[in-house]
Amino acid sequence: MKTSKRILSIILCLTLMFGSITCLGMGASAFNAKADIQPEICGKCKAALAVHYHPATCTTDGYYEYVCTNIGCTGYSEFHAIEKLGHGTLNGTTQVITIVPTCTTQGVKETVCKDCGVVISADAIPATGHTAGAWVATQEPTATTKGEKVQYCSDCGVVLATQEIAEHKHTAGDTVIVRAATCTQTGLSGTMCSVCSAVYTTSVIAATGHSEPVFATNVPSTCTTAGEENGYCTNCGEIIATKETAALGHDDGVVITTTPATCTADGESSTVCTRCGDTIATASVAALGHDEGIETVSINPTCELEGEKVTTCTRCGEVIATAAIAALGHDDGYWVVDYEPTPEHDGRMSRYCSRCDMILETKDFSAHTHKKGYEKIILPATCTEAGQLGIFCASCGVCYDVEVIDATGHNYGPWYVDNNKTHSCSCDKCGDVKTENCTFDATVTAATCTSFGYTTNVCPTCGFTYVDEIVEPLGHDWSDWVDNKDGVTHTRTCKRADCTADCCEGKCEGGCKASETDIHAWSKWVFNHDNKLFKNGTMTRHCKLCGATQTVTCEKSSKFNLFFVKIINSIRSVLGLKLIVIVVNPSTGEINDDITIDSDSSSDSNSDSDSSWIS
């Protein structure tokens with residue numbers, strides 16, 4: 001479980017760093033675990049987003065759902081997760097004994113979540129075992145005849161033993177409890193004979209009655225409906241009471257936007273109970289009003305006609321103001337030769353407006369030779385089109401020659417991310433936008449024993465990044481089991497060089513390797529055939545996983561000796577009879593046959609026989 005959480009955390013962190021996860025079946029939907037992010041506009045069409053709140057419960061995550069209010073924008077929504085609460089987060093848990101243990105049966109203790117009433121865990125309570133109670137005479141003795149008495153368990157009344165009573169006449173002694181009273185059943189007390197210790201008269205003990213109940217949630221209360229609690233007797237576990245728990249009422253809630261306000265229309269917000277998700281209040285949200293907007297030229301002015309500029313709200317796109325732009329008027333222009341003079345007539349030159357090419361003035365001039373006076377740009381070059389440089393006559397001021405000015409070319413600014421594996425830049429002179437496909441440098445993060453591998457793709461031009469080629473964790477490559485020399489356990493270690501345990505995050509000297517420890521898988525004890533007559537021998541067992549061995553001394557038996565057993569077995573083997581294995585515990589005389597006697601001293605079955613039981 002811990003490994004799975006770590007894997008999911010890595011994927012989620014990578015997603016938050018490099019992009020969003022597209023949720024299948026939801027169009028351009030995205031899942032983001034950071035619930036404190038509060039988007040306001042649709043990432044697809046830039047319309048406002050409405051918010052829907054779904055509360056978390058003990059066992060399920062909740063989420064904020066941001067839905068585009070533009071009906072034409074189909075399929076767009078964002079989900080911001082709210083982590084599930086976990087049992088008992090709000091009101092804690094309670095423990096109740098639902099089944100009280102008896103002498104022979106286990107009981108049950110349950111841990112119950114007070115928030116949802118679910119049983120979180122149930123633990124067994126060991127059976128109590130019988131309690132030896134008083135001896136009760138079942139057949140009265142007399143001065144000349146024997147009697148009989150039985151011993152009962154004082155808790156459940158089961159007969160534990162029966163004994164004979166010697167001839168005598170009962171003599172009153174102490175008063176003892178024969179059977180303990182329970183919550184609902186009477187008990188018995190009796191007078192014990194001081195001679196034979198048997199109870200020969202009894203009297204009833206009243207039932208104790210139930211204890212004060214311990215209450216646990218049966219039906220949890222909600223914000224609007226009452227719940228119910230069961231009251232359990234702590235002595236017998238019986239439900240002896242029920243009581244209604246008041247409805248919780250809605251909490252203070254969280255305010256979400258259900259209808260976003262626009263520049264000209266009011267919106268609406270709702271206060272939603274974080275416990276049940278019901279709307280408990282609504283409020284109007286005042287219209288935002290238009291922002292200061294951005295001013296653009298809608299009609300360019302000319303030399304003779306006015307233009308127009310408009311101010312547009314950047315929030316809703318509505319035109320919020322218009323203004324006239326004064327006509328530019330003709331500029332001084334420049335003189336251009338219409339035709340050159342000849343011996344028969346003068347030449348003529350005209351002065352043109354450089355903006356609209358209107359002839360502003362015309363004059364004749366006599367024959368002369370133009371000579372260069374000054375140069376002036378008469379048509380500026382643009383990013384993509386050539387311009388013109390006029391050469392003007394020093395005598396008459398006419399532009400008598402023109403030179404071409406090369407186009408300047410675009411001056412593109414830095415690249416910016418388009419988030420669709422393309423990037424763009426714009427010319428700071430003419431506004432032209434250039435878009436190109438991203439090219440990516442791939443960095444591979446290899447999978448480890450417990451973590452996913454993945455490839456990080458980064459465009460070096462714009463920095464756009466995404467993650468793909470997810471590789472499942474490799475799992476540990478375990479070494480052979482190694483004996484820990486403690487007689488109980490062995491350990492194995494992951495052989496991968498990059499595997500580190502959680503204990504130090506790889507900071508320990510030499511690194512920490514993931515490892516696991518388990519108990520030995522012992523074979524049966526095998527005699528080593530080194531015993532002699534009236535002399536102890538040894539026997540050995542081995543762990544089938546790591547090869548560890550244990551050798552112990554076989555003590556001589558007061559009843560049998562292994563030497564004789566071996567002789568008998570040899571004779572029976574010759575006669576084709578079944579071998580005998582007789583092992584006696586010298587302290588109790590109990591026979592144990594879970595031991596192998598074999599000439600090759602090998603066995604593959606497990607046994608945990610104690611060596612002290614071997615003779």
Side-chain angles (χ1 to χ4, degrees), residues 1-4 124 448-450 472-503 508 510-532 535-557 560-570 572-573 576-615:
M1 188 71 177
K2 186 175 181 182
T3 301
S4 299
T448 67
C449 299
T450 57
E472 294 287 333
L474 303 176
H476 293 298
D477 180 14
W478 293 116
S479 66
D480 294 334
W481 290 99
V482 177
D483 182 21
N484 291 330
K485 308 297 183 183
D486 58 4
V488 178
T489 62
H490 47 214
T491 299
R492 62 180 180 178
T493 305
C494 181
K495 295 187 291 186
R496 299 189 195 281
D498 58 351
C499 177
T500 57
D502 295 334
C503 64
C508 294
C512 291
K513 296 293 184 182
S515 63
E516 62 179 15
T517 299
D518 203 352
I519 62 174
H520 289 306
W522 293 115
S523 67
K524 285 185 177 181
W525 290 102
V526 177
F527 288 111
N528 295 324
H529 301 283
D530 55 356
N531 59 303
K532 303 296 181 182
K535 183 179 180 181
N536 293 338
T538 62
M539 63 180 182
T540 301
R541 64 177 179 177
H542 69 276
C543 174
K544 294 183 292 183
L545 298 180
C546 72
T549 61
Q550 279 187 344
T551 300
V552 296
T553 299
C554 303
E555 296 181 359
K556 300 185 296 295
S557 170
F560 296 96
N561 186 279
L562 184 60
F563 179 80
F564 294 115
V565 175
K566 289 163 56 179
I567 293 175
I568 294 171
N569 280 337
S570 297
R572 295 177 68 86
S573 178
L577 301 176
K578 186 178 179 180
L579 297 182
I580 298 175
V581 179
I582 301 177
V583 183
V584 179
N585 183 341
S587 62
T588 66
E590 181 181 347
I591 295 177
N592 180 5
D593 61 356
D594 191 21
I595 296 179
T596 299
I597 301 179
D598 192 75
S599 58
D600 60 4
S601 298
S602 64
S603 173
D604 289 330
S605 59
N606 291 330
S607 172
D608 291 325
S609 302
D610 190 337
S611 62
S612 65
W613 283 51
I614 306 302
S615 297

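Taking 4.5 Å as the limit, some side-chain heavy atom of H520 sits within range of a side-chain heavy atom of D483. Counting only heavy atoms from C-beta outward, the side chains of T551 and T540 approach each other to under 4.5 Å.
For T448, the side chain to side chain donor-acceptor pair (under 3.5 Å) partners at least two apart in sequence or on another chain are S451. Checked against side chain to side chain contact (heavy atoms under 4.5 Å, CB included), L474 has the following partners two or more places apart in sequence or in another chain: A447, R496.
Expressed to the nearest 0.5 Å, how far OG1 of T491 lies from CG of D480 amounts to 13.0 Å. Annotation: the span from T549 atom OG1 to W522 atom CH2 amounts to 7.0 Å, rounded to 0.5 Å. Atom CD1 of residue I519 and atom CG of residue N484 lie 12.5 Å apart, to the nearest 0.5 angstrom.
In D477, the CG atom is crowded: over 12 heavy atoms of neighbouring residues, nucleotides or ligands sit closer than 6.0 Å.
Using a 30° and 60° split on the angle between ring planes, H490 and W481 fall in the tilted class, from 30° to 60°.
What you find for P473 and C449 is that their closest heavy atoms are CB-O, 3.5 Å.
The backbone N or O of H542 sits less than 3.5 Å from a side-chain atom of S523, completing a donor-acceptor pair.
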